Colleague: 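Could you have a look at this structure, given as structure tokens, before my questions?
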Protein chains: 2
Amino acid sequence: MTGPHTVAETERAVKSRLGALHIDFDSMAAVSNIFRAANSIRNHFERTALAPQNLTWTAFVVLWVVWIWEPIETRDLALEAGISKATLTGVLNTLEGRGWVLRERAEQDRRLMNVTMTTSGRRLMRKLFPALNTQERVVAANLSSAEKKSLASLLRTVMSSVP
Amino acid sequence: MTGPHTVAETERAVKSRLGALHIDFDSMAAVSNIFRAANSIRNHFERTALAPQNLTWTAFVVLWVVWIWEPIETRDLALEAGISKATLTGVLNTLEGRGWVLRERAEQDRRLMNVTMTTSGRRLMRKLFPALNTQERVVAANLSSAEKKSLASLLRTVMSSVP
DNA sequence: AAACGTTCATTCGGATCCGAACGATGGAAC
DNA sequence: GTTCCATCGTTCGGATCCGAATGAACGTTT
């Protein structure tokens, strides 16, 4: 998806496979570019800001959500991080094993699990978050302030259209 | 990341953790929305158009690239699909096991591997690609034609800024 | 032709990733 | 208080996902 072929080349190739019938190339380009950009940025973040701590993007996002909203229940944490509860269990095992977060069973409702940050975790995030934001500035460097707002807004519109 | 908190709430929470120093919230919102949207759309596609064939998004992308550009060498296929060669090996095992693609060692250079489509694979794509495009139209339904082009263009700018 | 560094795809280890199934807990109905 | 159903986090199985190491094949240099 990040290959050397242009949009026009791809469009021509698709038409030779299907004819031109019923394919919306504008929607296709918009959506596929979302995936391309996400992949590309994610790889960049993991190679730069996250590599020193051997963190994946997902692990960082979970850490970030805990940092912002602690104490937070597991179900909300999964929703906020955009991953399934099953995935979160594995990620929390990793993060708890490294001593950055803590799991505690809730007093009132023994089914729930509260996740909090350790001192070590807070120290890590205070360094890591500005480093990530620096990289966010890098990948958005060729956008004006208005374009950044426009991009964020267009993506919110897309998200609101996902059933 | 797809949680109930608004941008303003998140911004306020971040500031309470760090102070306002040196954080570019416009870049943060733009980039984080790329990830949110990609996650959301990917899950939607896997639950709708791809579920009947038990295909993941990545497997579909690989299949799509082969369909468009066959015969294609493994190294180019990985680049085009936006995944590592190591990942591609696993995905190709899956796709070849289901009889949709074929791996053949190149005649001239015995290190290379050429990937081609089977008849069964072509039949699958002729059905699957329009189904995917239907879903792409759904998630882009609230964007005008100009907005779709603008979104694609802004994302291309972002990608060109990734080192 | 022997030695060299390079370029392939694959393998390996470890971390995600998800849907489905599972056990535990809670709460409401009777 | 027991039955029933909803909800929680975890486990399980299977598919990705990547960096690093591996081994085969190549081209070039001696």
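Proteins get letters first, then strands, A, B, ... in listed order; numbering begins at 1 in each. The model shown is predicted, which means the values in this text are computed figures rather than measured ones.
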Colleague: Strictly by salt bridge (Lys or Arg N to Asp or Glu O under 4.0 Å), give each pair with a member in residues 95-110 of chain B just once, sequence neighbours left out.
Modeller: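 Those involving residues 95-110 of chain B are Glu96(B)-Arg103(B), Asp109(B)-Arg111(B).
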Colleague: Would you check, one step at a time, whether the test side chain to side chain contact (heavy atoms under 4.5 Å, CB included) holds for Leu55(B) with Leu128(B)?
Modeller: CA-CA 10 Å; Leu55(B) 269 171; Leu128(B) 214 48; 3.5 Å; yes
Colleague: Atom CZ of residue position Arg122(A) - does it have more than 12 heavy atoms of other residues, nucleotides or ligands inside 6.0 Å?
Modeller: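 Check passes, neighbour count above 12.
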Colleague: Taking only residues two or more places apart in sequence, or in another chain, which ones meet Arg123(A) in a salt bridge (Lys or Arg N to Asp or Glu O under 4.0 Å)?
Modeller: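 None.
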Colleague: Specify the separation, in whole Å, of atom CD of Glu73(A) and atom C1' of dG26(C).
Modeller: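 Result: 14 Å.
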Colleague: Does the Asn142(B) side chain pair with the main chain of Thr157(A), one donor and one acceptor, at a distance under 3.5 Å?
Modeller: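 Between the backbone of Thr157(A) and the side chain of Asn142(B) there is no qualifying donor-acceptor contact (under 3.5 Å).
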Colleague: Rounded to whole Å, how long is the line connecting atom CD1 of Ile72(A) with atom C1' of dC8(D)?
Modeller: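 Taking atom C1' of dC8(D) as the reference, CD1 of Ile72(A) is at 15 Å.
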Colleague: Return the value, rounded to whole Å, for the distance between atom CD of Glu104(A) and atom C1' of dG9(D).
Modeller: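 About 16 Å, once rounded to whole Å.
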Colleague: Spell out protein contact along nucleotides 14-27 of chain D as letters: B when the base is contacted, S when just the sugar-phosphate is, - when no protein heavy atom is under 4.0 Å; keep the 5' to 3' order.
Modeller: --SBBB-----BS-
